[in-house]
Amino acid sequence: MAHSAMAGSGWGTTEGDDPLQTAVWRLRSRGCWADAAALLEPVGADTALQRTALLVERCLYTEQGWAEAEDALRTAEALAHSDDERGAAACERGQLAYAATVHGVRDRADEARAALGRAAALIAPGAAGRALLDFRRGLLAENLTRSPQAARAAYRRAHAGATAHAEPLLLSFTWRHLAGLALREGELTEARHGFAESLRIREELGYLVGTAPALASLADAESEPEASRLRDEARRLFRLLGGVPTWLARQLAPPAAGAATA
C-alpha cells in the first residue's frame, strides 16, 4: 500500500518509571514530536539520538520538519563516540534519507543505502540496535529496491531481534510489514494475523498515532462488513490527530474519490 512503510523510530516507550521518558512517550504517541523533542536537551549522545529519532519520525508522518531533523542529526553525529552511538546515528541518517526519497522531497536513495551500510558495519550482530537497523534495511529493499524477498528476510531478522530485546513497538512494525508482503501474495490468513497482532500491540501501548494505519491495514485483509467498520474507525482517529500520518489520506479516501491503490 502507498507509504505503508512509514515506521517509527524503534525507541522504547516509557523507559521504566522515568517521568521524563513517560512524558516524551505520551507526546510522541499522540503525534506531538516537536513537543516531545523539546523536553530533551541534547547534552549527550543518547539524548541527542533520541531527539533525532523523534524528529525523523515527525518527517515520516507529517512530511514536515526536515531542516530540524537534519540539525538534530548533525548534533547527534557530533556527540557520538562509541561504535554503537555512531551506528545509531548512521541508522537515523539512513532513515531520514529514505523518508525524503519515498515522500518525493529529494532522491536520497544512495545516501540511505550508504548510511545503513555504515550502520551495519558499526552495530554488532545481536546488539539492541540491530533489530531496528534490519527493519530499516527491509524498508529499502521493499520500497526502493523493489525486492520483496530481501525485504522479508530483513523483516524476519528484525522481528527476531525485537522479540529477543523485548521491543514491542518495533514488533508492531515487523508484524505489519510481514503481513503486507503476505497480503500481496494472496496469503489472507497470514496477513490478517499479522495485521491483527500489529494493531493489538499498538492499542496496548497506547501508540495512538500508529493505530489508524494499523486499522486501515487490517481492513485490507478483512471482508465486509468488518473492513468498512475498521476503515471508519481509522478515519475517526485520522481526523482526531489532524490528518496524521499524511500519507494515510490516500489509503482512506472513499473509492469514488479515488482510493490509493494497494
Side-chain angles (χ1 to χ4, degrees), residues 1-14 22-37 53-65 95 99 102-103 135 139 143 162 167-180 182-183 188 191-262:
M1 281 155 282
H3 295 299
S4 66
M6 300 298 99
S9 69
W11 289 88
T13 53
T14 61
T22 299
V24 167
W25 167 252
R26 286 176 177 169
L27 288 167
R28 176 194 174 189
S29 66
R30 288 160 177 76
C32 302
W33 296 280
D35 292 339
L54 289 166
L55 295 175
V56 169
E57 186 170 85
R58 179 175 66 162
C59 293
L60 287 165
Y61 278 77
T62 69
E63 303 179 55
Q64 297 178 355
Q95 182 73 345
V102 297
H103 276 313
F135 176 72
L139 296 180
N143 297 291
E167 296 184 56
L169 184 59
L170 182 55
L171 270 178
S172 81
F173 286 106
T174 55
W175 272 121
R176 181 162 173 251
H177 285 270
L178 286 167
L183 182 63
L188 280 179
R192 193 176 296 119
H193 173 70
F195 287 140
E197 283 297 296
S198 177
L199 176 61
R200 176 187 63 79
I201 293 170
R202 292 180 183 196
E203 288 180 335
E204 288 178 356
L205 293 176
Y207 188 55
L208 190 62
V209 75
T211 300
L215 286 163
S217 292
L218 181 57
D220 288 340
E222 289 285 1
S223 55
E224 296 294 351
E226 181 65 6
S228 290
R229 185 194 70 78
L230 290 165
R231 287 194 184 93
D232 286 344
E233 179 64 10
R235 289 188 188 100
R236 186 188 70 79
L237 283 175
F238 180 70
R239 290 192 295 268
L240 178 67
L241 291 170
V244 175
T246 54
W247 45 265
L248 191 59
R250 293 182 288 276
Q251 190 176 344
L252 291 177
T261 57

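The first residue in the sequence is number 1, and the count goes up from there. Hydrogens, waters and symmetry mates play no part in the numbers below; they use all other heavy atoms, side chains included.
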Legend entry - Any residue meeting side chain to side chain donor-acceptor pair (under 3.5 Å) with Asp232, in chain and number order, not counting sequence neighbours: Arg235
Inset, instruction - Given side-chain contact (heavy atoms from CB on, under 4.5 Å), test Phe195 with Leu199 step by step and report yes or no. - result: CA-CA 6 Å; Phe195 287 140; Leu199 176 61; over 6 Å; no
Legend entry - Shortest non-hydrogen contact from Ala182 toward Ala191: CB-N, 4.0 Å
Legend entry - For the student: nearest non-hydrogen atoms of Gln95 and Leu60, plus distance: NE2-CD1, 3.4 Å
Legend entry - Nearest heavy atoms of Leu188 and Ala221, plus distance in Å: CD2-O, 4.1 Å
Legend entry - Close side-chain approach of Val209 and Tyr207, heavy atoms under 4.5 Å: yes
Inset, instruction - Specify the closest pair of heavy atoms between Ile201 and Pro168, including all atoms of both residues, with the distance to one decimal. - result: CG2-O, 3.3 Å
Inset, instruction - Fit a plane to each ring of Tyr61 and Trp33, take the angle between them on a 0 to 90° scale, and name the class: parallel (under 30°), tilted (30 to 60°) or perpendicular (over 60°). - result: tilted
Legend entry - CZ (Arg26) with more than 12 external heavy atoms under 6.0 Å: no
Legend entry - Nearest heavy atoms of Ser217 and Gln251, plus distance in Å: N-NE2, 4.0 Å
Inset, instruction - Tell me, with the steps shown, if Glu233 and Thr211 meet side-chain contact (heavy atoms from CB on, under 4.5 Å). - result: CA-CA 10 Å; Glu233 179 64 10; Thr211 300; over 6 Å; no
Legend entry - Those residues that, when tested against Glu226, pass side chain to side chain contact (heavy atoms under 4.5 Å, CB included) (two or more places apart): Glu222, Arg229, Leu230
Inset, instruction - Might you point out which heavy atoms bring Ser198 and Arg176 nearest each other, and give the distance in Å? - result: OG-CB, 3.6 Å
Legend entry - Side chain to side chain, Val24 and Leu54, heavy atoms closer than 4.5 Å: yes
Inset, instruction - Run the numbers on Leu169 and Arg28 for side-chain contact (heavy atoms from CB on, under 4.5 Å), then give the verdict. - result: CA-CA 12 Å; Leu169 184 59; Arg28 176 194 174 189; 3.4 Å; yes
Legend entry - Worked verdict on Thr246 versus Gln64 for side-chain contact (heavy atoms from CB on, under 4.5 Å): CA-CA 10 Å; Thr246 54; Gln64 297 178 355; over 6 Å; no
Inset, instruction - List for me each residue that meets salt bridge (charged side-chain N to carboxylate O under 4.0 Å, His left out) alongside Arg231, sequence neighbours excluded, and say none if there are none. - result: Asp220
